[in-house]
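This report refers to the structure that appears directly beneath it.
This one's a predicted model, so the numbers in the text were calculated from it and none came from an experiment. The residues of the chain are indexed from 1 along the displayed sequence.
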Amino acid sequence: MDRAIELAIANVRSARGGPFGAVVVRGGQVVGEGANRVTASNDPTAHAEVLAIRDACARLGTFVLSGCEIYTSCEPCPMCLGAIYWARLDRIHFACTQADARDAGFDDAFLYSEIRRDPAGRSIASASEGRERALAAFEEWKQSASRISY
């Protein structure tokens, strides 16, 4: 956890991004790390947890991080939580809470409430289109001999 917090503080001091840091650990060793780079890279997905997961996957040569844990300076937002689940990490350790982030100007409550809504009722208009054509991709995936399940 110390390294995740260190990354968050250093990130603020260097003016490279927000106050968030994360590390992925396997067997007591850091195998990936990241600090928020949203504003530095003009990438809204460049959150510390996502970057730490990408780093760990690159270093370990896999997209499955089972056997690893993530330490993050703040409770993960919905996007990062999704990435953590997709990566199959075993455990999440976090320091600050959603409430702490809100008090610093980062409010994820809106995102959590949007996720619970039916797509038609979300604040960004959304509707299913082309489903019948798009199902062909899933059918081909099911039949593909080169399919790698995840």
Side-chain angles (χ1 to χ4, degrees), residues 1-116 119 122 124 126 128 130 133-150:
M1 183 61 76
D2 289 339
R3 179 64 180 149
I5 295 168
E6 224 174 75
L7 287 166
I9 293 169
N11 208 44
V12 172
R13 290 179 179 164
S14 69
R16 290 183 293 203
F20 303 97
V23 294
V24 175
V25 174
R26 182 174 73 178
Q29 299 294 323
V30 173
V31 294
E33 61 180 39
N36 181 283
R37 293 286 187 269
V38 171
T39 58
S41 64
N42 293 320
D43 178 356
T45 68
H47 289 203
E49 296 91 338
V50 171
L51 297 179
I53 289 168
R54 289 176 184 167
D55 187 34
C57 288
R59 287 190 202 189
L60 298 175
T62 183
F63 61 88
V64 177
L65 296 177
S66 54
C68 298
E69 300 182 1
I70 191 164
Y71 291 79
T72 181
S73 63
C74 189
E75 188 175 355
C77 75
M79 177 185 69
C80 293
L81 187 60
I84 289 165
Y85 275 89
W86 278 113
R88 309 292 195 269
L89 287 152
D90 291 352
R91 186 175 174 96
I92 303 166
H93 305 265
F94 62 89
C96 294
T97 66
Q98 288 179 38
D100 297 323
R102 183 187 61 243
D103 290 345
F106 301 92
D107 190 1
D108 299 335
F110 171 73
L111 297 175
Y112 282 106
S113 70
E114 286 288 290
I115 289 168
R116 286 189 295 270
R122 293 181 181 152
I124 295 177
S126 131
S128 178
R133 287 191 326 272
L135 282 172
F138 286 131
E139 290 306 317
E140 287 198 31
W141 170 256
K142 291 176 192 176
Q143 303 306 315
S144 175
S146 62
R147 178 180 77 217
I148 299 172
S149 295
Y150 60 96

task: Please lay out, stage by stage, how Y150 and W86 fare under the test side chain to side chain contact (heavy atoms under 4.5 Å, CB included).
output: CA-CA 8 Å; Y150 60 96; W86 278 113; 4.0 Å; yes

- request: Identify the heavy atoms of A35 and L51 that sit nearest to each other, and give their distance.
  value: O-CD1, 3.3 Å

field: Heavy atoms from other residues, nucleotides or ligands near CZ of R91 exceed 12 (cutoff 6.0 Å)
entry: no

- request: Work out which heavy atom in A109 is nearest to a heavy atom in D107; give both atom names and the distance.
  value: N-OD1, 3.0 Å

task: Check G21 against A8 and note the closest heavy-atom contact, atom names and distance.
output: N-CB, 3.6 Å

task: Return each pair, listed once, that meets ring-ring contact (aromatic ring centres under 6.0 Å, His included) where at least one residue sits in residues 22-41; pairs must be two or more places apart or across chains.
output: none

- prompt: Counting distance only, does the side-chain N/O of R26 pair as donor-acceptor with the main-chain N or O of C68 below 3.5 Å?
  reply: no

R37 (side chain) donor-acceptor with G17 (main chain) under 3.5 angstrom: no

- prompt: Can you name the nearest heavy-atom pair linking F63 to C57, along with the distance?
  reply: CA-SG, 3.9 Å

field: Parallel, tilted or perpendicular: rings of Y71 and H93 (30°, 60°)
entry: parallel

query: Hey, does the side chain of D55 reach the backbone of E33 with a donor-acceptor pair shorter than 3.5 angstrom?
result: yes

field: Side-chain touch T45/R54, heavy atoms, less than 4.5 angstrom
entry: yes

- line: Given the options I53, V31, I84, L65 meets side chain to side chain contact (heavy atoms under 4.5 Å, CB included) only with I53

- prompt: In Å, rounded to the nearest 0.5 Å, how long is the span from CG of N36 to CZ of R16?
  reply: 11.5 Å

field: Value rounded to 0.5 Å, distance of OG in S113 from CZ in R122
entry: 10.0 Å

query: Can you check side chain to side chain contact (heavy atoms under 4.5 Å, CB included) on L89 and E49, steps first, answer last?
result: CA-CA 11 Å; L89 287 152; E49 296 91 338; over 6 Å; no

- request: Mark yes or no for whether S66, through its side chain, and R88, through its backbone, hold a donor-acceptor pair below 3.5 Å.
  value: no

- request: Could you tell me which non-hydrogen atom of I115 sits nearest to which non-hydrogen atom of P78, and how far apart they are?
  value: CD1-CB, 3.4 Å

query: How long is the gap from CG on D100 to CD on E75, to the nearest 0.5 Å?
result: 9.0 Å

task: Quick one: pull up NZ in K142 and CG in L135 and give me the separation to the nearest 0.5 Å.
output: 8.0 Å

- prompt: Which atom pair, heavy atoms only, marks the closest approach of G34 to A48?
  reply: O-CB, 3.6 Å

query: If you round to the nearest 0.5 Å, how far is CZ of F138 from OG of S144?
result: 14.0 Å

- request: Measure the SG-CD1 distance between C74 and I5 for me, rounded to the nearest 0.5 Å.
  value: 10.5 Å

- request: Report the residues that fulfil ring pair (Phe, Tyr, Trp, His ring centres under 6.0 Å) with F106, sequence neighbours left out, ordered by chain and then residue number.
  value: F20

query: Do any N or O atoms from the side chain of N11 and from the backbone of P19 form a donor-acceptor pair under 3.5 angstrom?
result: no

message: Other residues, nucleotides and ligands only: do more than 12 of their heavy atoms fall within 6.0 Å of OH on Y85?
response: no

